[in-house]
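Okay, structure first, notes after.
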Amino acid sequence: MHVTPPAFRTDRAVVLAWAERGAIPNERLVEALAVAGITPGAPQWRVFLDQFLLWCGAAFLGAGAIFFIASNWTGLARYQKFGLVEAALVTSVIAAWGLGIDRVAGKAALLVASLATGGLLALFGQTYQTGADTWELFATWGALVLPWILVARFAPLWVLWIAIVNLAIALYFRSSPFLLGIAMDPERQAWALFIFNTLALAVWELLAQHREWLDERWAVRLLATAGGTAITGLAVVAVADWNGQIIAVIAYLAWLVVNHLVYRHIIVDLFMIAGTFLSVIVTVTVFLATHVFESSTAEAGFLLTALAVIGITAGAAAWLRRIASEQQP
Amino acid sequence: MTREAAVWRTLADAGIVSGEMPPSDARTAWYVRALLGFGGWLAAGFLIAFAFAAFAFVVASPAAAVVLGLGMIAGAAKALSARPGSPFIVQMGLATSFAGQALFIFGIAETIDRPTAAAFVVAIFEAALAVLVRHTVHRFCCAAGAGLALAIALTLAGAHYLSVGLLAGMVATAWLNEFAWATSASTVRPIAHGITLALVLVQGTWFMQLQPYQLARFGTFEWFPRWLGSALPAIVLIAVAVRLLRRGQRPLGDRDAIVTIGVTVAIGAASFAAPGVAAAMMVLLLGFANGNRILMAIGVAALLSYVSAYYYQLETTLLVKSVALGVTGFTLLLARWTLARWFLTDPEVEVSGT
């Protein structure tokens, strides 16, 4: 018997709305939800428990290893510590090879191997005090695990890799102000994070058209949130403290338009459009909060800003509902 | 045939419903509601600043702040209850109510000398608003506020370690009864989501975990035993597993039921030193059981955020924490191996993807 996942989606809200209206007798609601495939039956429970135990187990083991290294316990000699972490790394790689990377258990083993690699690098830096910057640890970690990520063909592992690269970028700009000086540092960091995450998002969306294993909306939404946060940060700095950042303003406006057009007409995803509205609310609020008070009293400034936020939010909600109603069959 | 019509047909074929399909309501996605809530709070911040700037008596008299706050909430409640409400008026109502609540809390904190009593009053007040004001986003925010105020009140009262277990119990009760209380779903569901958010914030953020240290200046004696506080989330997790088995009409003496309860007890025992793990797993489990994907995502986020907050917890050493996480991970994998052996004896089930 092949096991299919429960329906989830909007069916749940529909059936519960019928129950609230009394169209489904209360004593038969549990049965109705089961018949509609909304709540899981025994086969779905078994698959869920299997995956739940596997992924949580693997993640906790990996986290335990990282905590252990961070504890810098003196009860073990350095070679014993290296031995432990290397044993975890080798065991998980052998497990992945033995189980096969097409199976979920094999992918989980690669997750542990990827985390253990980071732990090994951290232990190396901790033991030998190499003098390397923290960003180099993350960059090396990302480079070393990339081959496993490539062969695993598994969206969560790609998200882990992208998170490692994000950390490397963020730490690089914190430790390397270069010629532009420390004052420019956060903006350079935001630019780098925006460009990297937006490129990753575009590539992911394109590849997901042809690769089913990449078709995970939570992952692209996460990437869009990361890129959107960075460009919103740049826009906020520009409107709050104008210093000729015309490129940031143009990039922000372009991001708003492209995001809206793509996720309204090409890949319909209201979450992304809601994100652009959230960004607009934040940017407009910062603009008003920093400029309105220059030409009015504090009372008027606060009230005007509050009304503007209310107006934009209400308009955004009405707009999103309109788009949603257009999408419904 | 639309998806809704197909579901209706399925239910009709099973003899559960009859007649015409009821007209469908417009549904609002969770992220649109989140946007409304965020906008409401942001605007509320400026409204509070306006109230303090424009009405000096608010700052001078806590009683006036309470009265003004209550008046704002009453007006907002009327606007939020209007059907159908204009988006602007509804958003205005949300912001006004949130600002009114902040003024009320400010007034109460200034009026009542004992911070513990003030926190309990705020918790009860927020809980009452969650029930009385008929708006989904408002209910959600007030329920979350009530849960957080309760946790703060317990900490101030010397029962910090009770809060995660108590909130976990409330979350479990709400979600396990979601279907039994289906005729009041528009009240129950946002409140259940709000308490769940409070639980995640209390158990999975470093800010709330450091509460006992930050509030040490109040000189509170911690009378509630820490070991009991650590055991409570595990006990709630086991109780949830038993209730779900009963809902699935599995006798507790049944082979699967015994294994499931055994595995849950093992997870609870293994994660004793990291009690947030049991609470987060419970949220994930309830989400799956009720077919609620948002709740499942909250459970995953709770697990991740707990592990990162656990790193900064000051009560145990990193070595103890690493052992706790390692033992939990090992127990979970052992449980999986045991279940896989067990279920492989059932010839009807082929567990795909493993």
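The figures here come from the full heavy-atom set of this structure, side chains too, leaving out hydrogens, waters and symmetry mates. Protein chains get the first letters and strands the later ones, always in sequence-line order, with residue 1 at the start of each.
Heavy atoms closer than 4.5 Å to chain A are found in the backbone of B:Ala180, but not in its side chain. Residue contact with chain A, scored on non-hydrogen atoms closer than 4.5 Å, involves the side chain of B:Leu244 exclusively. With a threshold of 4.5 angstrom between heavy atoms, B:Ala289 approaches chain A through its backbone and through its side chain. Heavy atoms of A:Leu278 lying under 4.5 Å from chain B belong to its backbone as well as its side chain. For B:Leu304, no part sits under 4.5 Å from any heavy atom of chain A, backbone or side chain. Within the 4.5 angstrom heavy-atom criterion, no atom of A:Trp218 approaches chain B. Contacts between B:Ser186 and chain A at a heavy-atom distance below 4.5 Å involve backbone atoms as well as side-chain atoms. Heavy atoms closer than 4.5 Å to chain B are found in the backbone of A:Ala58, but not in its side chain. Only the side chain of A:Leu320 comes within contact range of chain B, with at least one heavy atom under 4.5 Å from a heavy atom of that chain. Only the side chain of B:Trp30 comes within less than 4.5 Å of a heavy atom of chain A; its backbone N, CA, C and O stay farther away. Heavy atoms closer than 4.5 Å to chain A are found nowhere in B:Thr317, neither backbone nor side chain.
Scanning for salt bridge (Lys or Arg N to Asp or Glu O under 4.0 Å) contacts around B:Glu178 gives A:Arg12, B:Arg189, with sequence neighbours left out. Residues satisfying the salt bridge (Lys or Arg N to Asp or Glu O under 4.0 Å) test with B:Arg250, not counting sequence neighbours, are B:Asp254, B:Asp256. Residues meeting the salt bridge (Lys or Arg N to Asp or Glu O under 4.0 Å) test with A:Glu31, sequence neighbours left out: A:Arg28.
Ranked by heavy-atom pairs under 4.5 Å with chain A, the list B:Val263, B:Val307, B:Val300, B:Leu47 is led by B:Val307. Of the listed residues (B:Ser322, B:Gly40, B:Ala335, B:Ala54), the one with the most heavy-atom contacts under 4.5 Å to chain A is B:Ser322. Listed options B:Leu11, B:Thr10, B:Leu284 were ranked by heavy-atom pairs under 4.5 angstrom with chain A; first place goes to B:Leu11. Your options are A:Val30, A:Thr285, A:Val282, A:Leu304, and the one with the most heavy-atom pairs under 4.5 Å with chain B is A:Thr285. For the set B:Ala43, B:Ser18, B:Gly45, the entry with the most heavy-atom pairs within less than 4.5 Å of chain A is B:Ala43. Interface check for chain A: of the options B:Val320, B:Leu285, B:Asp13, B:Thr331, the most heavy-atom pairs under 4.5 Å are formed by B:Leu285. Among A:Asn26, A:Ile281, A:Thr297, A:Leu307, the residue making the largest number of heavy-atom pairs under 4.5 Å with chain B is A:Asn26.
The number of heavy atoms from other shown groups lying within 6.0 Å of CZ (A:Phe287) does not exceed 12. By the neighbour-count criterion of 12 heavy atoms within 6.0 Å, atom OH of B:Tyr311 is sparsely surrounded, having that number or fewer from other residues, nucleotides or ligands. The number of heavy-atom neighbours closer than 6.0 Å to CH2 of B:Trp337, taken from other residues, nucleotides and ligands shown, is 12 or below. Other residues, nucleotides and ligands contribute at most 12 non-hydrogen atoms within 6.0 Å of the CZ atom of B:Arg246. Within 6.0 Å of atom CD in A:Glu27, more than 12 heavy atoms from other residues, nucleotides or ligands are found, so the atom counts as buried in its surroundings.
In this structure, the side chains of B:Glu4 and A:Asp11 stay at 4.5 Å or more apart for every pair of heavy atoms. With contacts defined as side-chain heavy-atom distances shorter than 4.5 Å, the pair A:Ile273/A:Asn259 does not qualify. For the pair B:Pro22/B:Trp8, a side-chain contact is recorded, criterion being any heavy-atom separation below 4.5 Å from C-beta on.
Contacts of residues 61-70 of chain A with chain B at a heavy-atom distance below 4.5 Å involve A:Leu61, A:Ala63, A:Gly64, A:Phe67, A:Phe68, A:Ala70, listed in sequence order.
Remark: B:Phe179 CZ to A:Leu16 CG distance equals 6.0 Å, nearest 0.5 Å. For the atom pair B:Thr338 OG1 and A:Leu53 CG, the distance stands at 9.5 Å (nearest 0.5 Å).
Of all heavy-atom pairs spanning A:Asp269 and A:Arg217, the tightest one is OD2-NH2, 2.9 Å.
Tested against A:Cys56, the residues B:Thr328, B:Ile267, B:Leu332, B:Val277 include a single side-chain contact (heavy atoms from CB on, under 4.5 Å) partner, B:Leu332.
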